[in-house]
Amino acid sequence: MHTVARRKLASHSALFHHQRSLAATSGVGKISARELKYLRPASRQYSSLLSSSSSRARPRGLRPGQTLFRQIHARAISYSSIPRFVARAFRVPIAGATVGAGGLTYANYKYEELKQKSQAWINTARDTAADALDTASEGLKSLSAAASAVKLPPFEAPQFLKDLFSANEGSEGEGQHKSDAESSKSSGKPDGEDAAIAALVAATMSSPSDSDRTNSDLRQNGLMHLTRKLIEIRTMLLSIDQSDTLKLPSIVVIGSQSSGKSSVLEAIVGHEFLPKGNNMVTRRPIELTLIHTPDVKEEYGEFPALGLGKITDFSNIQRTLTDLNVAVPADEAVSNDPIDLRIYSSRVPDLTLIDLPGYIQITSMDQPDSLKEKIAGLCEKYIREPNIILAVCAADVDLANSPALRASRNVDLLGLRTIGVVTKMDLVSPEQGVAILSGNKYPLHLGYVGVVAKAPGKAHRRESATPVAHKAETDFFKTHKEFFGDASSPSGSGLMVGTDMLRRRLMDVLESSMASSLHGISNAVQLELEEARYQFKVQYNDRRISAESYVAETVDALKARFKEFTVQFRKPQIRSKLKEMLDEKVMDVLEQLYWSDKRAAELDALGADPRVKPEDVESYWRYKLEAASSLLTKSGVGRDSTLLVADGLRALIDSIAAREPFTFHPKAAERLIEFSHAILRDRIGVTSDSVENCIKPYKYEVEVDEREWEQGRTQAVDLFERELKMCESKLSEIRKKVGGSRRLSSLVGYVKRLEEEELERKQRRLAGVEDDAQSLDEATEKKKREADDYRYPPAQVLDARHAMLYSERSNALKLRLAALRSKRCKTGPNQDLLCPEAFLNVVAEKLAYTSAMFINIELLDQFFYQFPREIDSRLLYDLDRKEIVAFARENPAIRKHLDLQDRKDKLEEVMKQLNSLSTLRKDAVPTPRRHRGLFGNIF
């Protein structure tokens with residue numbers, strides 16, 4: 001019986017200890033009621049059975065040990081029961097060890113949980129103390145001088161706090177802790193424990209209002225940083241595209257002309273800078289960007305489009321704005337072209353404001369009738385989504401009559417994007433002002449802000465108007481604090497008053513509106529970026545260019561093209577050009593001295609007679625030859641040849657300037673032609689004088705050898721043959737023009753008859769002989785000429801005269817060609833008197849060779865050296881950055897390439913900035929949980 005009881009007890013005990021060990025390891029420190037219900041009856045049953053069985057089975061006179069030994073001895077007789085006995089013997093120690101291990105595990109779990117909670121509490125306390133100390137640091141610095149004289153009692157932290165903080169800091173490294181403690185003791189400053197305790201005490205003793213103010217300041221700084229980034233992104237988007245697709249919201253200020261709109265903007269900036277006047281002075285939108293610069297004490301403004309630089313005197317800004325607005329033509333009165341103004345100051349928040357012309361009710365005599373509709377249309381263009389509407393209305397005017405509220409209600413029916421600014425709050429009673437700001441009659445989602453933006457009475461002067469107005473506003477709201485609450489923050493009634501409150505409200509609304517628009521803007525920018533990348537890849541294969549690279553490539557192409565064309569200005573080519581010019585001179589000399597001579601036939605006869613020797617020729621023909629040579633050499637060959645080459649260079653530069661890409665750059669082409677001609681002008685005189693000096697010996701004597709004579713004769717034959725072909729072709733053209741050979745013959749006869757009659761009249765007139773018979777004959781001839789004039793038109797008569805000249809020239813050329821081909825001319829230079837054409841051709845060849853040599857030295861080499869360098873100095877290095885960009889953008893293809901490239905780069909930068917806002921928000925100053933809804937739904 002007791003054996004069965006023991007088995008049941010062992011099984012229940014094992015189950016109990018197993019459940020306890022599982023509970024300890026799993027972190028559950030209690031046994032369930034169901035388990036206890038199961039275990040308790042079993043234990044009670046076992047104890048009753050054990051007591052009953054032991055009382056009945058134990059013999060009298062035996063001790064418990066003897067009984068147990070006897071039982072064990074009896075059981076040992078069976079060898080099969082030995083393993084079971086061993087297992088039973090070790091069951092109790094194993095169960096005890098299991099229970100101990102489970103207890104230790106549970107205790108360790110509870111210890112770790114307590115340690116984590118204490119660590120989190122210590123970190124929270126330390127962070128709170130650090131924030132409180134940072135907030136109070138400025139105040140403590142101001143009180144440090146006074147507090148240094150006060151002797152405070154020594155403060156000793158409790159030991160449990162020291163142990164707590166030392167245990168916390170010990171986990172970070174004992175070595176570092178010891179070094180920090182030693183350095184703090186040596187410098188006389190409190191150690192880490194004392195600093196942490198002091199921070200904890202300061203955080204504990206700080207009031208809730210101090211903590212809220214600290215969080216508000218931190219949030220304000222974070223908002224300013226985020227708003228500045230958003231304004232930068234907005235500016236970049238405006239530079240990419242002016243459409244509504246890529247646009248972040250701005251604050252658009254609208255109101256009537258007498259509502260105090262300008263005073264509100266000047267109160268926000270802190271300076272008077274807007275144009276003033278009795279009549280309408282704001283005729284163009286003013287896009288005002290306020291940039292907070294805490295590290296720069298000097299306030300200044302900039303007009304980026306005008307390039308005026310920094311303007312520190314705000315009266316100059318006001319004067320510039322006035323001039324820009326007055327420049328709008330009177331017949332237009334209003335212009336859509338905005339004025340970009342940026343103001344940098346440590347006293348302004350980061351905002352983007354757009355000031356528009358004020359609404360008018362009635363147009364004056366000097367204004368167009370459509371002015372009211374123009375202003376309304378301009379304002380409607382700017383107050384569309386996503387812009388925020390700043391509706392300015394005066395407190396002394398019923399809101400129902402406010403043009404700003406009526407216009408905003410047309411585009412913002414629910415008032416979700418409209419902020420009401422009520423000016424001139426000092427002109428109504430406080431009760432009426434509270435009723436207006438409550439917005440019960442015309443509710444706006446963003447509420448109303450009451451301000452007193454204008455200084456009262458005579459205090460409104462340019463130097464002190466804004467500070468006086470701010471002081472008057474502060475005094476007014478302080479005086480009526482029971483109605484409006486604290487002017488620095490919204491009161492319990494929810495009213496917002498004061499310029500400072502308006503600044504904060506505008507910052508919050510602008511940042512929130514921009515943040516809510518970022519998701520759509522991000523998607524739009526991503527789509528535009530993908531399209532720009534695709535177009536850039538397809539059109540230009542991702543090839544990047546710059547204005548500088550384009551200018552450099554253009555200059556290099558100009559130099560290469562110039563070098564390519566200079567091949568035609570080498571010595572052989574120049575000598576050939578000069579020879580052609582001198583050949584024309586030779587023909588003119590021959591016609592002037594030989595072909596028009598009455599004794600020209602005598603020269604032909606002398607050449608044809610083989611018995612005539614050179615020494616037998618008359619001195620007349622020798623004089624003719626010398627005169628012809630002198631006329632050729634003294635005809636200004638140096639000047640003519642130099643001008644010929646210079647004109648060729650000018651024509652070359654003009655042809656280069658007339659080709660692409662200079663067709664897109666007229667100013668650059670003009671400068672190119674200008675300085676190239678200047679170089680030529682400087683060298684023409686020097687070159688001409690050098691050539692004249694070099695050919696001077698040929699004016700007195702020319703030596704000709706056999707080779708030069710044969711070459712000159714051959715060239716003369718070629719020249720005459722070309723001239724003869726030209727004359728015959730001209731005769732053929734005239735023959736076809738007048739109607740055939742017979743018609744041309746009759747025309748020639750008519751012209752000859754006219755010439756003969758004219759000659760006879762001259763002779764009779766010179767002789768002074770005139771009678772009635774001759775007069776009768778002249779009358780008859782006159783009638784006959786009139787009849788012939790009807791038959792032969794003047795144009796055909798002129799063609800006949802030309803045909804006679806070509807015919808006479810061709811006859812002379814044929815005769816002289818026969819002489820040049822004769823054996824006499826082939827004999828040698830001793831036949832120069834009978835063959836003057838060959839001799840003059842030799843002289844022309846010598847003149848051409850000498851002129852080409854010195855023109856190449858004095859003109860061409862100098863021009864080829866200076867021109868490329870003048871290109872660099874006057875066309876490349878003389879340009880500044882703006883001129884280089886303007887030059888590159890004159891080419892439509894380059895402008896398109898640069899625009900697409902700039903668009904892609906700007907979109908990539910905008911996308912980068914948009915992606916960085918998530919990181920910026922994470923790295924920014926932590927804000928309270930209730931303010932983290934601005935960016936929460938975006939990133």
Side-chain angles (χ1 to χ4, degrees), residues 536 539-578 580 641-684 686-687 851-902:
F536 195 67
Q539 297 182 21
Y540 306 108
N541 197 22
D542 290 336
R543 183 177 64 89
R544 299 185 61 85
I545 65 170
S546 64
E548 291 80 2
S549 65
Y550 172 72
V551 173
E553 290 176 0
T554 303
V555 171
D556 292 342
L558 172 62
K559 293 179 181 178
R561 191 177 303 167
F562 175 74
K563 186 177 181 180
E564 177 183 353
F565 284 130
T566 54
V567 177
Q568 56 185 297
F569 288 91
R570 293 178 179 175
K571 286 182 181 180
Q573 287 77 11
I574 295 297
R575 188 162 57 247
S576 175
K577 293 291 183 181
L578 294 179
E580 291 178 3
S641 59
T642 304
L643 290 177
L644 178 65
V645 177
D647 291 341
L649 289 173
R650 289 194 185 100
L652 170 63
I653 301 301
D654 294 345
S655 65
I656 292 176
R659 297 174 60 182
E660 290 188 3
F662 287 98
T663 53
F664 307 115
H665 312 294
K667 292 183 178 180
E670 183 179 352
R671 294 181 65 182
L672 177 67
I673 295 173
E674 180 182 353
F675 68 74
S676 63
H677 289 187
I679 298 173
L680 291 175
R681 283 194 302 269
D682 293 340
R683 301 302 306 173
I684 284 176
V686 178
T687 306
S851 300
M853 182 174 58
F854 281 90
I855 287 174
N856 185 74
I857 295 173
E858 297 293 340
L859 180 63
L860 294 177
D861 288 349
Q862 294 295 326
F863 184 80
F864 294 160
Y865 176 80
Q866 292 184 16
F867 184 72
R869 287 159 180 79
E870 291 294 327
I871 291 176
D872 292 335
S873 62
R874 299 191 184 188
L875 201 61
L876 182 61
Y877 300 144
D878 194 34
L879 300 177
D880 57 13
R881 170 63 182 171
K882 292 183 179 179
E883 292 176 339
I884 289 175
V885 173
F887 178 87
R889 296 184 68 82
E890 288 176 352
N891 191 333
I894 300 300
R895 181 173 64 249
K896 183 180 179 182
H897 193 162
L898 289 175
D899 288 342
L900 183 57
Q901 178 176 297
D902 292 343

Just wondering, do [Y] and [X] contact through their side chains at under 4.5 Å, heavy atoms?
X      : Y      : result
Leu649 : Phe867 : no
Arg561 : Leu558 : no
Gln539 : Lys896 : yes
Leu859 : Val645 : yes
Phe536 : Asp542 : yes

Least distance between heavy atoms, [X] atom then [Y] atom:
X      : Y      : result
Arg889 : Arg895 : O-NH1, 2.7 Å
Phe569 : Leu860 : O-CD1, 3.3 Å
Leu680 : Phe863 : CD2-CD1, 3.6 Å
Phe664 : Pro892 : CD2-CD, 3.5 Å
Ile855 : Thr642 : CD1-N, 3.9 Å
Ile857 : Gln862 : O-CG, 4.2 Å

Between [atom1] on residue [X] and [atom2] on residue [Y], distance to nearest 0.5 Å:
X      : Y      : atom1 : atom2 : answer
Asp654 : Ile673 : CG    : CD1   : 4.5 Å
Asn856 : Ser851 : CG    : OG    : 12.5 Å
His677 : Leu672 : NE2   : CG    : 8.5 Å
Ser873 : Phe675 : OG    : CZ    : 7.5 Å
Ile679 : Gln866 : CD1   : CD    : 5.5 Å
Glu870 : Arg671 : CD    : CZ    : 11.0 Å

* OH of Tyr865: more than 12 outside heavy atoms within 6.0 angstrom? -> no
* **Heavy atoms from other residues, nucleotides or ligands near CD of Glu883 exceed 12 (cutoff 6.0 Å)** => yes
* Using a strict cut-off of less than 4.0 Å between a Lys/Arg side-chain nitrogen and an Asp/Glu carboxylate oxygen, indicate whether Asp872 and Arg869 qualify as a salt bridge. =>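 Between Arg869 and Asp872 there is no salt bridge, as every charged N stays at least 4.0 Å from the carboxylate O atoms.
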* **Given Glu660, His665, Arg659, the one that forms side-chain contact (heavy atoms from CB on, under 4.5 Å) with Thr663** => Glu660
Side-chain donor/acceptor of [X] to backbone N/O of [Y], under 3.5 Å:
X      : Y      : answer
Arg683 : Glu858 : yes
Arg544 : Gln901 : no
Glu580 : Lys577 : no
Thr566 : Lys563 : yes

* Over 60° means perpendicular and under 30° means parallel, so classify the ring planes of Tyr550 and Phe887, tilted if in between. =>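 It falls in the tilted class, 30° to 60°.
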